[in-house]
Amino acid sequence: MGQLLKVQNFTVSSDGFATGENQSLERPFGDADPGALMYWAGATASWPNRTDSGGSRGLDDYFTRDFSHNIGAEIMGRNKFGPERGPWENEEWRGWWGDEPPFHTPVFVLTHHERPSFTLSDTTFHFVGGDPADVLEQAREAAQGKDVRLGGGPTTVRQFLDAGLVDTLHVAVAPVKIGAGVRIWESPDELLDRYHREVVPSPSGVTHHIFWRR
């Protein structure tokens, strides 16, 4: 199938929101509680930030463990990198991801405003404009034959879905409601004209939706 564009471990509330309103530097998910959304991944044995030898195995752990498999580049929207809008006024601040970002690949950040690339550990951030197909072509070249992960946020995922570029999509639906914010969908059934779907409930309480092209 060549290089795939994959959405992995993307988590939304039961009412379809991936982030809440009022995003800020201190609150990347806005009014939404990231712990209430991502608890299922954080409890697994393969969670990359785990500091002990515990954690669950099974279905949730499979998705967490698979996150970096054969991924050679990531695409993310600007609001997944940071809360700043408009021209870059503080290039000394280098995103929410710290000195050791979890990507370990080139990352292409979508923006209308130029900014020089920079590297933190083994992750290089590139700031790019253009339509989704052009950005995907850049990411595929950087991935050197491996797949490309579309990391989010929800607006970016919708943009690439609407352009017909996403090959596989994994969304975990958490049993919480956010009420307002940015949705990935009104209903997962919206994608069934273009994708096959399997729905697999997990003992953790989340429901995994796995989509692949028809």
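All values reported here derive from a predicted model rather than from experimental measurement.
In the hydrophobic cluster analysis, where Ile, Leu, Val, Met, Phe, Trp and Tyr join through side-chain heavy atoms closer than 4.5 angstrom, Phe67 is grouped apart from Ile71. A continuous path of ILVMFWY side-chain contacts below 4.5 Å connects Leu192 to Phe160, so both sit in one hydrophobic cluster.
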Q. Taking it one step at a time, do His126 and Val109 satisfy side chain to side chain contact (heavy atoms under 4.5 Å, CB included)?
A. CA-CA 6 Å; His126 304 285; Val109 181; over 6 Å; no
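Checking side-chain atoms of Arg115 against main-chain N and O of Glu91 turns up a donor-acceptor pair under 3.5 Å. Panel note: side chain Arg194, backbone Trp212; no donor-acceptor pair is recorded below 3.5 Å. The main-chain N or O of His69 is never found under 3.5 Å from a side-chain atom of Asp66 such that the two would form a donor-acceptor pair.
Under the 6.0 Å distance and 45° angle rule, Arg149 does not count as a cation-pi partner of Phe103. Phe118 carries Arg94 over the face of its six-membered ring, with the cationic atom under 6.0 Å from the centre and within 45° of the normal.
Every residue two or more places apart in sequence or in another chain that forms a side-chain contact (heavy atoms from CB on, under 4.5 Å) with Ser56 is listed here: Thr44. Annotation: side-chain contact (heavy atoms from CB on, under 4.5 Å) contacts of Arg85 (sequence neighbours excluded): Gln23, Asn79, Pro83. Listed by chain and number, the residues in a side-chain contact (heavy atoms from CB on, under 4.5 Å) with Glu186 are Arg183, Glu190 (sequence neighbours excluded). Partners of Val182 by side-chain contact (heavy atoms from CB on, under 4.5 Å), not counting sequence neighbours, listed by chain and number: Thr19, Pro154, Thr155.
A 4.5 Å side-chain heavy-atom check between Val166 and Val157 finds every atom pair outside the cut-off.
A salt bridge links Lys80 with Glu74: at least one charged nitrogen is closer than 4.0 Å to a carboxylate oxygen. Salt bridge absent: Asp15 and Lys177 never bring a charged side-chain N and a carboxylate O closer than 4.0 Å.
Sparse packing is recorded around CG of Asp99, with 12 or fewer heavy atoms of other residues, nucleotides or ligands lying under 6.0 Å away. Heavy-atom contacts from other residues, nucleotides or ligands closer than 6.0 Å to OH of Tyr62 number 12 or fewer.
No hydrogens or angles considered: a donor-acceptor pair under 3.5 Å links the side chains of Thr119 and Thr124.
Taking every heavy atom of both residues into account, Arg78 and Thr111 meet most closely at NH1-OG1, 3.5 Å. Here the closest heavy-atom approach between residue Val199 and residue His209 is recorded as CG2-ND1, 3.7 Å. Closest non-hydrogen pair, Leu169 versus Val171, comes out as CG-CG2, 3.8 Å.
Pairs passing the side-chain hydrogen bond (donor to acceptor under 3.5 Å, both in side chains) check and including a residue from residues 197-206, sequence neighbours excluded, read Asp60-Ser202, Asp60-Ser204, Asp189-Arg197, Ser202-Ser204.
With values rounded to the nearest 0.5 angstrom, Thr168 atom OG1 is found 6.0 Å from Leu4 atom CG. Distance check, rounded to the nearest 0.5 Å: CH2 of Trp47 to CE of Met38 gives 5.0 Å.
The aromatic rings of Phe63 and His170 lie parallel to each other, with less than 30° between the two planes, well short of the 60° mark. Below 30°, between 30° and 60°, or above 60°: for Trp88 and Phe127 the angle between ring planes is above 60°, a perpendicular geometry.
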Can you give the donor-acceptor pairs under 3.5 Å from side chains of residues 135-145 to other protein atoms, not counting sequence neighbours?
from, atom 1, to, atom 2, distance (Å)
Arg140, NH2, Gln3, O, 3.1

